Amino acid sequence: MSLSKYEPDQFPDITSIHVPDHPFWPSLSDAEKDGLIRDITAMLAEQNGVLVAHYYTHADLQALAEETGGCVADSLEMARFGTRQKARTLVVAGVRFMGETAKILNPEKRVIMPDFSATCSLDEACPAQPFIDFCDQHPGYTVVVYANTSARVKARADWVVTSGIAVPLIKHLAARGEKILWAPDKHLGSYLQQATGADMLLWPGSCVVHEEFKSVALFRLAKLHPDAAILVHPESPESIIQQADVVGSTTALINAVSTMPNRKFIVATDKGIFYKMRQAAPDKMLIEAPTVGEGATCQACAECPWMGLNSLQSLAESLKTGKNEIFIEPAIREQAVVPIRRMLDFAEGLKKGRSIKNDD
Ligand code: 13P
Ligand code: SF4
């Protein structure tokens with residue numbers, strides 16, 4: 001791996017990122033919940049809207065997206081799904097970069113979110129100006145950014161990737177002899193570097209949720225369940241990834257539960273994913289990978305606090321008031337759409353099994 005010529009103290013201080021407690025939503029009676037679901041379904045129809053939810057959102061939202069003809073997906077498929085919709089309004093239940101990506105790809109559509117303050121520690125760890133300076137100081141590198149970044153950061157990138165497409169894309173760039181400047185997830189970056197052998201310069205961001213998985217506790221848990229396969233999202237630290245049987249995007253991990261012969265799985269990612277995993281393989285046993293919260297405490301419980309801002313209540317409120325609509329400066333959008341489209345074209349090419357011609 002290349003060493004950065006950038007001094008570490010020039011990077012933003014990621015320890016100062018404010019991580020809120022997981023939001024507390026008052027529990028709903030069955031009647032209240034049914035009422036909210038009815039209201040939301042009616043408002044989606046009136047507003048010609050479709051609900052696009054990430055796997056980490058609350059099970060109620062995932063179920064509602066499915067029931068109303070929307071989608072529940074990883075961040076790559078969420079981006080793709082929006083572009084195929086006739087609906088005039090995309091309601092994105094997830095975190096802000098997902099809503100921004102939807103707007104960048106669909107400027108003619110109205111994009112709203114249940115809570116616009118739903119950020120992501122990776123996005124927060126990569127403010128636009130220091131990132132642009134970092135890129136300018138490293139000419140000759142192909143700039144590849146994770147989708148978990150702001151529109152401004154994407155606007156400076158050559159490529160955007162999600163975890164679902166990162167390995168083949170980085171392999172493709174490395175095969176062309178390109179050196180890669182990667183931001184912002186250092187764990188995903190180092191996993192990609194090892195998986196592909198690419199020459200990569202890494203920005204030092206991380207995901208506060210995956211950062212909490214504990215390797216010794218995971219090792220002990222795996223010993224107790226030697227027949228369990230260990231499934232890990234690549235935002236996790238190297239010591240967790242090293243113990244994995246499968247490393248992949250949220251979709252890849254869900255697929256692993258239904259396709260692998262194992263009856264048990266230890267899962268190292270946000271526990272919102274269990275809703276889909278149970279649906280995909282109801283007879284299999286799913287075990288949460290241990291975090292700091294292992295044992296009595298719940299300081300960390302593998303739940304993204306920002307994903308947690310999405311609820312039936314906040315969704316109903318945003319549809320009712322129209323608040324949390326996403327707008328992107330046109331000049332930024334014009335630049336940011338280029339690397340996102342490259343990613344989608346690359347993904348399409350892979351699906352069709354033909355070689356990629358993104359040589360620009
Ligand atoms: P996926 O693209 O794998 O769904 O990951 C998005 C994310 O933010 C995981 O923390
Ligand atoms: Fe960001 Fe981590 Fe939350 Fe995913 S789980 S949205 S990477 S903070």
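Because the structure is a prediction, the values reported are computed rather than measured. Read the numbers this way: they start at 1 and go in the same order the structure lists the ligands and their atoms.
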What is the distance from atom CG of Leu173 to atom CG of Asp199, rounded to the nearest 0.5 Å? 12.0 Å
Does ligand 1 come near enough to Asp74 that some N or O of the ligand is less than 3.5 Å from an N or O of the residue? no
Do Thr250 and ligand 1 have an N or O pair less than 3.5 Å apart? yes
In Thr269, Asp74, Asn310, the residue satisfying side chain to side chain donor-acceptor pair (under 3.5 Å) with Tyr56 is Thr269
List the steps, then state whether salt bridge (charged side-chain N to carboxylate O under 4.0 Å, His left out) holds for Arg152 with Glu100. CA-CA 10 Å; Arg152 278 179 190 274; Glu100 286 184 348; over 6 Å; no
Below 2.8 Å of atom 3 (Fe) of ligand 2, tally up the protein N/O/S atoms for me. 1
Just checking, any donor-acceptor pair under 3.5 angstrom between side chains of Tyr146 and Glu235? yes
Keeping Arg156 on the side-chain end and Ala128 on the backbone end, is there a donor-acceptor pair under 3.5 Å? no
For ligand 1, which atoms have a heavy atom of Tyr56 less than 4.0 angstrom away? 9 (C), 10 (O)
Please confirm whether Tyr55 comes under 4.0 Å of ligand 1, counting heavy atoms of the residue only. no
Which of the atoms of ligand 1 are close to Ser249, meaning less than 4.0 Å from one of its heavy atoms? 3 (O)
Near Ser163 (heavy-atom distance under 4.0 Å), the atoms of ligand 1 are 1 (P), 2 (O), 3 (O)
Cation over ring face, Lys179 and Tyr141, 6.0 Å, 45°: yes
Would you say Gln129 and Asp133 are linked by a side-chain donor-acceptor pair, where the criterion is simply a distance under 3.5 Å? yes
Nearest to atom 2 (O) of ligand 1, what protein heavy atom do you find, and at what distance? Ser75 OG, 2.5 Å
Indicate whether the side chain of Thr89 and that of Gln47 have a donor and an acceptor atom separated by less than 3.5 Å. no
Can you check whether Thr162 has an N/O within less than 3.5 Å of an N/O in ligand 1? no
Protein heavy atom at shortest distance from atom 5 (O) of ligand 1: His233 NE2, 3.3 Å
Based purely on interatomic distance, does Asn148 place a nitrogen or oxygen under 3.5 Å from a nitrogen or oxygen of ligand 1? yes
Has Gln62 got a side-chain atom pairing as donor or acceptor with Val72's backbone, closer than 3.5 angstrom? no
Arg333 side chain to Ile104 backbone, donor-acceptor under 3.5 Å: yes
Contacting atoms of ligand 1, where contact means under 4.0 angstrom from a heavy atom of Glu235: 7 (C), 8 (O), 9 (C), 10 (O)
Does ligand 1 have any atom sitting under 4.0 Å from a heavy atom of Cys207? no
Should the pair Arg96-Glu124 be classified as a salt bridge under the 4.0 Å nitrogen-to-oxygen rule? yes
Closer than 3.5 angstrom, by distance alone: can the side chain of His225 be matched with the main-chain N or O of Asp227 as a donor-acceptor pair? no
Below 4.0 angstrom, N of the basic side chain to O of the carboxylate: do Glu66 and Lys276 qualify? yes
For atom 7 (S) of ligand 2, what is the nearest protein heavy atom, given as residue, atom name and distance? Glu235 OE1, 3.1 Å
Quick note on ligand 1: atoms under 4.0 Å from a heavy atom of His210 include exactly 10 (O)
